Number of protein chains: 2
Amino acid sequence: MVVDQLRAQLSDEELDRLFQAFADTTRRDIVRRVTVGEYSVSGLAALYAMSFAAVQKHVAVLERASLVSKEKRGREQIVRANHDGLQRARRLLDEYEVIWRQRADRIADLLAETATTEPDKTQTGTGQTKNTQSNKTEGTTEG
Amino acid sequence: MVVDQLRAQLSDEELDRLFQAFADTTRRDIVRRVTVGEYSVSGLAALYAMSFAAVQKHVAVLERASLVSKEKRGREQIVRANHDGLQRARRLLDEYEVIWRQRADRIADLLAETATTEPDKTQTGTGQTKNTQSNKTEGTTEG
DNA sequence: CTATTCTACAACCAAATGGTTGTAGATCAG
DNA sequence: CTGATCTACAACCATTTGGTTGTAGAATAG
């Protein structure tokens, strides 16, 4: 299957490039287009109200982010979607979602415990509240 | 439930802000932190090798993208994760995934058809191949 | 009240971004 | 061969971005 290299961790720079690539309307549109059909660079350029060179740069940004790849066909360069890049982005956001759910579970757990043992400690219900300036050492997974 | 406003379509500018917000290592780390626990702005600033003002700006970027919100507590400003923003980002990538799968299905369909009716038309297997310069009018959902 | 802490915001700077035009190399059509 | 097309890339420009320092207001501590 394709699941093989999806397991690989992404470096910070890769993630920067990945989300940076998505952070532009034209580039998101290009990704959508080349996911559906096949386009040459000039074929894409004809779709937008900007120069060929500008579109070329957008494609280059997407390529650096591993979201598309180019394949030379005659004098044209065919731009194709790279599904792996998309899946990597989705996987990261899914990880955040997992963290969020774990947090929700932990809070529910804490609330349940304090409710049965110490019915007074129910502060604001968000866990760490940090009194004076102790939150600079809360890190759970930091270096 | 929270599903209410998730149905809403996101404007291009909102998506730009959303992905731009994710396109920085420090900001992704902040999102992870505030998803797990509660941090004041200065509490976050203490975690990174940059000035308070820099972290303040990162938080502002995340806030503009609806990924976090701030809540004044005494003289502190507590930064909290905004789950909606995260879910919006995930939803968009899921849409791309749907488009990708539809394409895969359509191609499989086409291949199956051409295989039974015209056993010769199996080009490269990627659908539209555009001969001369006709791909500038391929748009399916434009205009 | 005074001093400290936390925040907000302005001004500034270097680098990156998103766009342009121009030049030049390959490839295809006639 | 000649001309048209497609691509690549350099140079340039305006704006944004990610960082800094400095100033000032609010809330807390003593």
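All of these numbers come straight from a predicted model, not from anything done at the bench. Lettering follows sequence order; numbering is per chain, from 1.
By the 4.0 Å N-to-carboxylate-O rule, B/R17 lies too far from B/E13 to be salt-bridged with it. In this structure, B/R106 does not pair ionically with B/D109, as no charged nitrogen and carboxylate oxygen lie closer than 4.0 Å.
For residues 22-30 of chain B, proximity to DNA chain C is found at no residue, defined as any non-hydrogen atom under 4.0 angstrom from a strand atom. Across residues 48-55 of chain A, A/M50, A/S51, A/A53, A/A54 each have a non-hydrogen atom less than 4.0 Å from an atom of DNA chain C (numbered order). Less than 4.0 Å separates DNA chain C from at least one heavy atom of each of the following residues of residues 56-68 of chain A: A/K57, A/H58.
By the side-chain hydrogen bond (donor to acceptor under 3.5 Å, both in side chains) test, B/R90 is found to be paired with A/D94, residues two or more places apart in sequence or in another chain being considered. Scored by the side chain to side chain contact (heavy atoms under 4.5 Å, CB included) test, B/T26 finds B/D24, B/I30, B/Y48, B/M50, B/H58 as partners (sequence neighbours excluded). Among residues two or more places apart in sequence or in another chain, the salt bridge (Lys or Arg N to Asp or Glu O under 4.0 Å) test is passed with B/D16 by A/R28. In terms of the salt bridge (Lys or Arg N to Asp or Glu O under 4.0 Å) criterion, B/R75 has no residue partners (sequence neighbours excluded). Remark: A/E14 engages A/S11 in a side-chain hydrogen bond (donor to acceptor under 3.5 Å, both in side chains) (not counting sequence neighbours).
D/dC6 atom C1' lies 16 Å from atom CD of A/E71, rounded to whole Å.
Residue pairs that meet the ring pair (Phe, Tyr, Trp, His ring centres under 6.0 Å) test with at least one member in residues 90-109 of chain B, sequence neighbours left out, are A/F22-B/Y96, A/H83-B/W100. Sequence neighbours left out, the pairs with a member in residues 50-71 of chain A that pass salt bridge (Lys or Arg N to Asp or Glu O under 4.0 Å) are A/E63-A/K70, A/E71-A/R80.
Taking five base pairs at each end of the helix from C/dC1-D/dG30 to C/dG30-D/dC1 and finding the rotation axis that steps the C1' atoms of four pairs onto the next four gives two axes whose angle is 30°, to the nearest 10°.
Residue A/K70 places at least one side-chain N or O closer than 4.0 Å to OP1 or OP2 of D/dA8. OP1 or OP2 of D/dG18 has at least one side-chain nitrogen or oxygen of B/Q20 nearer than 4.0 Å.
To the nearest 0.5 Å, atom CG of residue A/L47 and atom OG of residue A/S42 are 10.0 Å apart.
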Between the protein and nucleotides 25-27 of chain C, list every N/O to N/O distance that falls short of 3.5 Å.
{"unit_1": "C/dT27", "atom_1": "O2", "unit_2": "A/R75", "atom_2": "NH1", "d": "3.4"}

